[in-house]
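Everything below concerns the one structure shown next.
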Amino acid sequence: MSSKLEQRMRSSVLGAFTAAALFVSTGFVETTPAYAKTDTQPAVLTASAVAVADKYAAATAEQIFKQGGNAVDAAVSIAFTLAVTYPEAGNIGGGGFMTLYVDHRPYFLDYRERAPLTATKNMYLDDKGEVIKGMSLYGHRAVGVPGTVAGMWEAQKRFGKLKWRQVLAPAIAYAQNGFEVDDQLQDRRDKASKEFAGKTNFDLYFGSMKQGAVFKQPDLAATLQRVADNGAKGFYEGRTAELIATSMKGHGLITERDLKEYKAVWRQPILASWNGYRIITAPPPSSGGIGLVQLLKMKADLKDKFANVPLDSAQYIHLVAEIEKRVFADRAQYLGDPDFYKVPVAQLTNDDYILKRSQEVNPETPSDTKSVQPGLGTTMPEKAETTHYSVVDKWGNAVSNTYTINGYFGSGVVAEGTGVVLNDEMDDFSSKPGVANMFGVVGSDANAIAPKKRPLSSMTPTILTKDDKVAMVIGTPGGSRIFTSIFQVLSNVYDFSMPLPEAVGATRFHHQLLPPNTIYQEPYHALDPEVVKALEAKGYTFTMQGFNGDIQAIRIDGDTPEPMSDPRGRGVSRVIQ
Ligand code: GLY
């Protein structure tokens, strides 16, 4: 085990709590949320626990649990905190997915961004029909209508136990009083500043950020205060909406009407049985839940071929790449926003269909890429950033939340006067069917742009239960690497019986149909050179990638939660009594 991993394990579980967040009194009067079931629930775990992207979010969770909040209160409070302290991916200017297990029932909340009302299928094409480079990635036209505040409002209203302003308070305090900037954030800021130079107003807001110094965001504090005072309307109507719409005027498409009409949606999660567990995961417009279920089940179907094959050996990587090839072929063809396109979810997760696909795997050599057509009858890129956190409370409820502004610092646009970093989620649509997005993934018409439509995502917040009790809460950023990363960690834990810290820290690799026979590996844990050589002899090409996820997971064995934050990031996990 690397010393970095050992260090991370020590600090993640034992890290000292520094209560940097202070409460802000506003005098706003509100009612307790309708759902406060945890008042009558007996504690079933020895403690609550979180695995989150930074230490400030962990402190927030501790504060919320100590006030008697449940997993949903903590999750909502973490989301607002990360919007301040993890501004490269935490957000209120983006969107995401929340998978919940509350009172032994599964739920899924879709608060993904939507295309503006005046968006059109060809809005990123020039008059020759070619994609205009960068237009869906930088600046105002890249921005989808944000969903995070609506999502948090929905979740907290339905399941939270604390008052709304209580869950906003830690974030407001961090925005007003500031927080200390660490080296990873500084590094990401520096890169973003170069990327956005001359294109957006990024430096106006983030130019003064310095490692080791306290960074304050008064505009964002005022926006969060409006949300604390007025609920979701504090973002989608009134002053905040006015400021966002004004900043868009003459540059982008989002209007006050776009904001007012935004709605988060409760959807039926993907439910599947695997290895004695029930998987609860993300349905469309995520491709991730279907992808994860297909990966896990195909591997189980191929148990004879995987028998005695050592983890991360050449044969193991070849078999996994063969499975991944088929999953990505389906992803490109069949997946999009279910409100606009009939996604064949039942067929794609059907056991017989998955078995048939697994039988196409060639155990000797890579299947010809062109021959791996979508199985019911092309692939798409995405940004690898995003952030995830996992939460369980002592009453046995769990939240798995992944949210994003797409690339680090989204479109690079901060809506003037709000401090809100706006997303570049429009890049997750296929601007032109057959042309790869920033993750190198290709899309079909299922994911073409239309007003109010949500772009296809890979975010895969996932919960596993056994005998109606939470056994694992897991997720990660990583664009198209999200579900291949989660798949590898679950496989490490349940197929290879690895302790959670090792399973999360172990090497990860990724294949996604295109580019042909290319396997991405990571510098954090490079693959064995002999294994690489053997696979190159089979026809594979290897590419090093800078980032392969930031898993935040909690495993529950018996009645004790064990959280683990990926040693690749600045995440912190904590058990909270
Ligand atoms: N923007 C990354 C994702 O939605 O998967």
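Only heavy atoms go into these numbers, but all of them, side chains included; no hydrogens, no water, no symmetry mates. Every number for a ligand or one of its atoms is a count from 1 in the order of the listing.
Partners of R112 under the salt bridge (charged side-chain N to carboxylate O under 4.0 Å, His left out) rule, at least two apart in sequence or in another chain, are E425, D428.
Per-residue contacts place S457 under 4.0 angstrom from the following atoms of ligand 1 (heavy atoms of the residue considered): 3 (C), 4 (O), 5 (O). Of all atoms in ligand 1, numbered sequentially from 1 with element shown, those under 4.0 Å from a heavy atom of E425 are 1 (N), 4 (O). Less than 4.0 angstrom separates some heavy atom of R112 from each of these atoms of ligand 1: 4 (O). Numbered from 1 in the order shown, with element, the atoms of ligand 1 that lie under 4.0 Å from a heavy atom of N406 read 1 (N), 2 (C). With ligand atoms numbered from 1 in the order given, ligand 1 contributes 3 (C), 4 (O), 5 (O) to contacts under 4.0 Å with heavy atoms of S458. Residue contact check: M459 has heavy atoms under 4.0 Å from atoms 3 (C), 4 (O), 5 (O) of ligand 1.
Exactly one of F542, F328, F483 qualifies for a ring pair (Phe, Tyr, Trp, His ring centres under 6.0 Å) with H510. That residue is F328.
In terms of modelled atom types and a separation under 3.5 Å, the side chain of K299 and the main chain of V320 share no donor-acceptor contact.
Not a single heavy atom of E385 sits closer than 4.0 Å to an atom of ligand 1.
Of the heavy atoms in R454, none comes closer than 4.0 Å to ligand 1.
The 12-atom threshold is not exceeded at NZ of K260, counting heavy atoms of other residues, nucleotides or ligands nearer than 6.0 Å.
Under the 30°/60° scheme for interplanar angles, the aromatic rings of W274 and Y277 are found to be tilted.
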Pairs under 3.5 angstrom only: tabulate donor-acceptor contacts from the side chains of residues 76-89 to other protein residues two or more places apart or in another chain.
residue, atom, partner, partner atom, Å
S77, OG, V167, O, 2.8
T81, OG1, T60, OG1, 2.9
T81, OG1, S77, O, 2.9
T85, OG1, D54, OD2, 2.8
T85, OG1, T81, O, 3.3
Y86, OH, R188, NH1, 3.1
E88, OE1, R570, NH2, 3.3
E88, OE2, R188, NH1, 3.0
E88, OE2, R570, NH1, 2.6
E88, OE2, R570, NH2, 3.3

